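First comes the structure, then the notes that go with it.
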Number of protein chains: 2
Amino acid sequence: MKVTIGNPAHKGTQENVKDHFSDNHSTNHYCPVTDVIDRISDKWSVHTIIMLGKSDKLRFGELKKGIHGISQRMLTVTLKHLERDGLLTRTVYPQIPPKVEYQLTDLGRSLLGQLVSLSEWAAENMNQVLRAREDYILKNE
Amino acid sequence: MKVTIGNPAHKGTQENVKDHFSDNHSTNHYCPVTDVIDRISDKWSVHTIIMLGKSDKLRFGELKKGIHGISQRMLTVTLKHLERDGLLTRTVYPQIPPKVEYQLTDLGRSLLGQLVSLSEWAAENMNQVLRAREDYILKNE
DNA sequence: CTGGATCCGCGATGATACTG
DNA sequence: CAGTATCATCGCGGATCCAG
């Protein structure tokens with residue numbers, strides 16, 4: 001079987017899948033795939049990165065206002081995680097009232113590229129997914 | 001909704017981000033990004049898709065054995081979700097003992113491409129992330 | 001062999017109140 | 001403005017038992 005990949009920049013995909021799979025499941029050692037999944041498994045992280053990808057620098061309040069539905073606490077936690085992982089920088093201006101700006105690092109922007117690619121996939125294929133769900137419901141009743 | 005098609009790589013990223021951002025946060029309507037995030041936010045889904053991407057067709061037991069750490073229940077739930085969303089097919093062979101085979105659909109394989117790309121990003125950049133974490137720890141003590 | 005059904009603990013998350 | 005601290009909840013996911 002041959003896997004057809006949309007991104008021509010990567011060759012030998014089948015082997016890569018195998019490699020990553022081996023890394024994931026054959027040992028109990030550190031697994032980069034699991035790690036990155038853990039990072040983006042939190043939807044707030046994804047929304048935050050995409051948000052910063054749009055606007056370069058943003059303040060805490062701007063992020064809170066822009067990311068629909070996020071609580072103050074989760075925004076704080078999310079930003080701390082992303083900063084810890086080197087995906088964004090946190091700049092504090094020592095003034096009253098406080099001002100803090102967040103900005104993607106180069107690393108963060110490279111991940112942004114992946115997430116945009118993923119969101120494009122979502123936009124292109126969501127109709128198929130929705131139709132599959134309808135068929136599934138019809139089939140099981 | 002307009003989406004820029006083609007190799008996403010890193011060109012034109014800013015504009016695409018803006019489009020998707022508008023879709024995501026400016027309205028309360030259906031959001032494909034949130035939807036796809038919900039799908040891959042579950043690490044078992046990702047592992048399952050990658051697993052199937054490696055081996056074409058797999059039986060329940062083979063998946064269970066291959067995906068390290070997954071429980072029977074979560075594998076069942078995960079497979080049901082993926083089938084419902086049209087990402088894989090479930091083929092039952094009416095025999096005793098039962099035999100069920102799972103296989104990615106074309107849609108599933110196209111998502112596999114995205115996930116492989118993401119895992120490649122993870123493999124290439126995990127060292128930077130790990131170093132950032134160490135620095136973060138050192139900085140905060 | 002391939003699940004379905006049930007119970008349940010725990011971590012993630014939201015809400016709220018408070019602070020420099 | 002930009003958080004911190006605390007509490008309550010709620011759903012994910014593991015364990016277990018059962019069935020076709």
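To find a chain, count down the sequence lines: A is the first, B the second, and so on, and within it residues start at 1. Given the structure is predicted, the values throughout are model-derived calculations rather than measurements.
Residue pairs meeting the salt bridge (charged side-chain N to carboxylate O under 4.0 Å, His left out) criterion with at least one member in residues 62-77 of chain A: none, sequence neighbours excluded.
Contacts of A:Tyr93 with the nucleic acid, taken as non-hydrogen atoms under 4.0 Å apart, are absent.
For A:Arg133, the salt bridge (Lys or Arg N to Asp or Glu O under 4.0 Å) test picks out B:Asp35, B:Asp85, with sequence neighbours left out. Partners of A:Asp135 according to the salt bridge (Lys or Arg N to Asp or Glu O under 4.0 Å) rule, which considers only residues two or more places apart in sequence or in another chain, do not exist here. For the side chain to side chain contact (heavy atoms under 4.5 Å, CB included) test, residues two or more places apart in sequence or in another chain that qualify with A:Leu115 are A:Ile40, A:Val46, A:Ile49, A:Leu111. Residues that satisfy the side chain to side chain contact (heavy atoms under 4.5 Å, CB included) test with B:Thr78, not counting sequence neighbours, are B:Asp42, B:Trp44, B:Ser45, B:Thr48, B:Leu82. For A:Arg90, the side chain to side chain donor-acceptor pair (under 3.5 Å) test picks out A:Tyr102, with sequence neighbours left out. Legend: residues meeting side chain to side chain donor-acceptor pair (under 3.5 Å) with A:Asn127, ordered by chain and number and at least two apart, are absent.
In this structure, A:Glu101 atom CD and D:dA2 atom P are separated by 9 Å, rounded to whole Å.
Residue B:Leu107 is grouped with residue A:Leu118 when hydrophobic side chains (ILVMFWY) are merged at heavy-atom distances under 4.5 angstrom, including chains of intermediate members.
Nucleotides of DNA chain C lying under 4.0 Å from heavy atoms of chain B occupy a range whose first and last members, 5' to 3', are C:dC1 to C:dT6.
The stretch residues 75-88 of chain A comes close to DNA chain D through A:Thr76, A:Lys80, each having a heavy atom under 4.0 Å from the strand.
A salt bridge links A:Glu83 to B:Lys139: one of the charged nitrogens lies within less than 4.0 Å of a carboxylate oxygen.
The two residues B:Arg109 and B:Leu104 make their nearest non-hydrogen contact at NH1-O, 3.1 Å. Minimum interatomic distance between B:Met51 and B:Gly66 (heavy atoms only, all atoms of both residues): CE-CA, 3.3 Å.
Not a single donor-acceptor pair under 3.5 Å links the side chain of A:Ser55 to the backbone N or O of A:Leu58.
Axis deviation across the helix from C:dC1-D:dG20 to C:dG20-D:dC1 amounts to 50°, comparing end segments of five pairs, rounded to 10 degrees.
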Shorter than 3.5 Å, N or O on both sides, protein versus nucleotides 13-17 of chain D: list them out with atom names.
{"unit_1": "D:dG13", "atom_1": "N7", "unit_2": "B:Arg73", "atom_2": "NH1", "d": "2.9"}
{"unit_1": "D:dG13", "atom_1": "N7", "unit_2": "B:Arg73", "atom_2": "NH2", "d": "3.4"}
{"unit_1": "D:dG14", "atom_1": "OP2", "unit_2": "B:Ser71", "atom_2": "OG", "d": "2.9"}
{"unit_1": "D:dG14", "atom_1": "O6", "unit_2": "B:Arg73", "atom_2": "NE", "d": "3.2"}

Can I get a per-line list of side-chain donor-acceptor pairs under 3.5 Å for residues 91-99 of chain B, giving both atom names and the distance, sequence neighbours left out?
{"unit_1": "B:Tyr93", "atom_1": "OH", "unit_2": "B:Glu101", "atom_2": "OE1", "d": "3.0"}

